[in-house]
Amino acid sequence: MSNLASPDVQPLRVALLGCGVVGTAVARLLTEHADDMAARVGRPLQVVGIAVRRAGKDRSETGVDPSLFTTDAEDLVTRADVVVEVIGGIEPARSLILRAFEHGASVVTANKALLAEDGPLLYQAAQEHDVDLYYEAAVAGAIPLLRPLRESLAGDDVRRVLGIVNGTTNYVLDKMDTTGAGFAEAVEQAQELGYAEADPTADVEGFDAAAKAAILASLAFHSRVSGKDVYREGITEVTAADVHAAREMDCVVKLLAICEVTDDPAEPGGRGISVRVHPAMIPRTHPLAGVREAFNAVFVEAESAGELMFYGRGAGGDPTASAVLGDVVAVARHKVVGGLGPGESTYADLPILPMGRAQTRYHISLDVADRPGVLAQVATAFAQHEVSIETVRQQLLSPDPATPEDGRASLVIVTHSAPDAALSATVDALAELPTVRAVTSVMRVEGE
Ligand SMILES: NC(=O)C1=CN([C@@H]2O[C@H](COP(=O)(O)OP(=O)(O)OC[C@H]3O[C@@H](n4cnc5c(N)ncnc54)[C@H](O)[C@@H]3O)[C@@H](O)[C@H]2O)C=CC1
Ligand SMILES: N[C@@H](CC=O)C(=O)O
Ligand code: NA
């Protein structure tokens, strides 16, 4: 290591854009682990500047020389070999990354929103300028997931990627399930712990998970998938009745990202991609049910490898910085010894299938009149849409005080797997039946 400290060894210049939750951890760890990083890269890394929005704030926890903080990010990216973008959002992050490429810098980013919106543009610019674009932190934080998909599984045929990829919503659902915490209170806690996006709407409405699902599907299926291609439902519509219904079924509600290749005869070539993010009930015995707090877990199913599971911290400053720094070492090494990491791979160019074709199962709770023939009417609605019922549970409810003479019952139905369009049409038909007083909970079911 001593020769690396010699004044003759030219350090690699690192510029950091953003000094929030992730940026602060990156800056501190770059300083604390400077010697190890130098040894792993083969040359010292020198932080040449940290772009911030507001100068003069106390950032002593980074251990970085205060003179390195600058509000001129545009200039900073022209003075670096490696640019780390942890500002987030679309602009100015996109322009700064493109400018960094133009000046010959490789870029490490954690910005899934930008990658899901404009990944192809960034890949192309990186390729044109012979530099790297790495983004392991963008999906599932610390968990090494993108490199396995991009590199380790490059010789296999990935069929499915399914998991929990948003720490904030997992934290919220977990707190609602285990402590009975309210939605707003749990979101606030997730913000305080540094898990949530700058605007937590991106988390709770499922945009963050959708961006990650788009990135995962693109890599897994060698096709272009953008955030807009992903069917998305967040957790804001998950009610206490849903959580209760899940508990009654010995299930738990999780926000899942599901990316699948389906062999669909209606599509040219017979294959298509289905990508969706939505809350789903999963049995408490399923491994994903045990994923607590802000942890993430992702299953990958590949033809030859079989099933793989990735688990770890998906959010938070230090865990995310771990993934960022791993990428910094990789791209910095390329600067030292030559070579580039993998670029965009879209040769399969598979079409995106509409959500209606996704195969899923539904759990439906109905508040019905307790009269002869009700069950037959309900069953007919399922049969008419070619949806097969797996289980039905009926329970008497106390009468509605407004109509005390009418009997009431709750019907809880779980279906077999069917196209989402047929399931959703069945729910619409059920809601129209005069004997159905209310559809009290509808949720997709995943896992056996
Ligand atoms: N917090 C987390 O757990 C994770 C975050 N990420 C991603 O990392 C990125 C950063 O996230 P956080 O650090 O949590 O956000 P943050 O909001 O804590 O930090 C962003 C920082 O960038 C600064 N900034 C904004 N515009 C700027 C500009 N023009 N020039 C200089 N600085 C500017 C803000 O003032 C803020 O300090 C985002 O893309 C996020 O999606 C990825 C994985 C996990
Ligand atoms: N807001 C995100 C942070 C990591 O990507 C999350 O909660 O998972
Ligand atoms: Na990751």
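Just follow the structure's listing: the first ligand is 1, and inside any ligand the first atom is 1. On a predicted model such as this, the values are computed, not experimentally measured, just so you know.
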Novice: Does R444 count as lying over the ring of Y362, i.e. NZ or CZ under 6.0 Å from the six-ring centre, within 45 degrees of the axis?
Specialist: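 No, R444 does not lie over the aromatic ring of Y362.
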
Novice: Report the part of T320 (side chain from C-beta onward, or backbone N, CA, C, O) that has a heavy atom under 4.0 Å from ligand 2; answer both or neither where that applies.
Specialist: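 T320 to ligand 2: no contact under 4.0 Å from either part.
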
Novice: State the atoms of ligand 2, each with its element, that fall below the 4.0 Å cut-off from a heavy-atom position in D203.
Specialist: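 Those qualifying, in numeric order: 1 (N), 2 (C), 6 (C), 7 (O).
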
Novice: Taking N or O atoms only and a 3.5 Å limit, does A137 qualify as a polar contact for ligand 1?
Specialist: no

Novice: Are E233 and Y231 close enough that a side-chain donor and a side-chain acceptor fall under 3.5 Å?
Specialist: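 Judged by distance alone, the side chains do pair up.
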
Novice: Do the numbers put R150 on top of the ring of Y134, so that NZ or CZ is under 6.0 Å from the six-membered ring centre and no more than 45° off the axis?
Specialist: yes

Novice: Please could you name the atoms of ligand 2 that K212 approaches to less than 4.0 Å, counting only its heavy atoms?
Specialist: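 Near K212, meaning under 4.0 Å from one of its heavy atoms, ligand 2 has 2 (C), 4 (C), 5 (O), 6 (C), 8 (O).
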
Novice: Taking atom 35 (O) of ligand 1 as the reference point, report whether a protein heavy atom occurs under 4.0 Å from it.
Specialist: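 Within 4.0 Å of atom 35 (O) of ligand 1, protein heavy atoms are found.
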
Novice: Taking both backbone and side-chain atoms of N296, is any N or O found less than 3.5 Å from an N or O belonging to ligand 2?
Specialist: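 No.
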
Novice: Could you check which of T168, V22, V204 puts a non-hydrogen atom nearest to atom 7 (O) of ligand 2?
Specialist: T168

Novice: Kindly confirm or rule out a cation-pi arrangement of R59 over F69, judged by NZ or CZ under 6.0 Å from the six-membered ring centre and within 45° of its axis?
Specialist: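 The answer is yes, since R59 meets both limits relative to F69.
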
Novice: Quick test: of every protein heavy atom, which one is nearest to atom 5 (O) of ligand 2, and how far off is it to 0.1 Å?
Specialist: K112 NZ, 2.5 Å

Novice: Can you tell me the protein heavy atom closest to atom 8 (O) of ligand 2 and the distance?
Specialist: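 The closest heavy atom on the protein side is G167 N, 2.7 Å.
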
Novice: Flag G141 as yes if one of its N/O/S atoms falls below 3.0 Å of the Na ion (ligand 3), otherwise no.
Specialist: yes

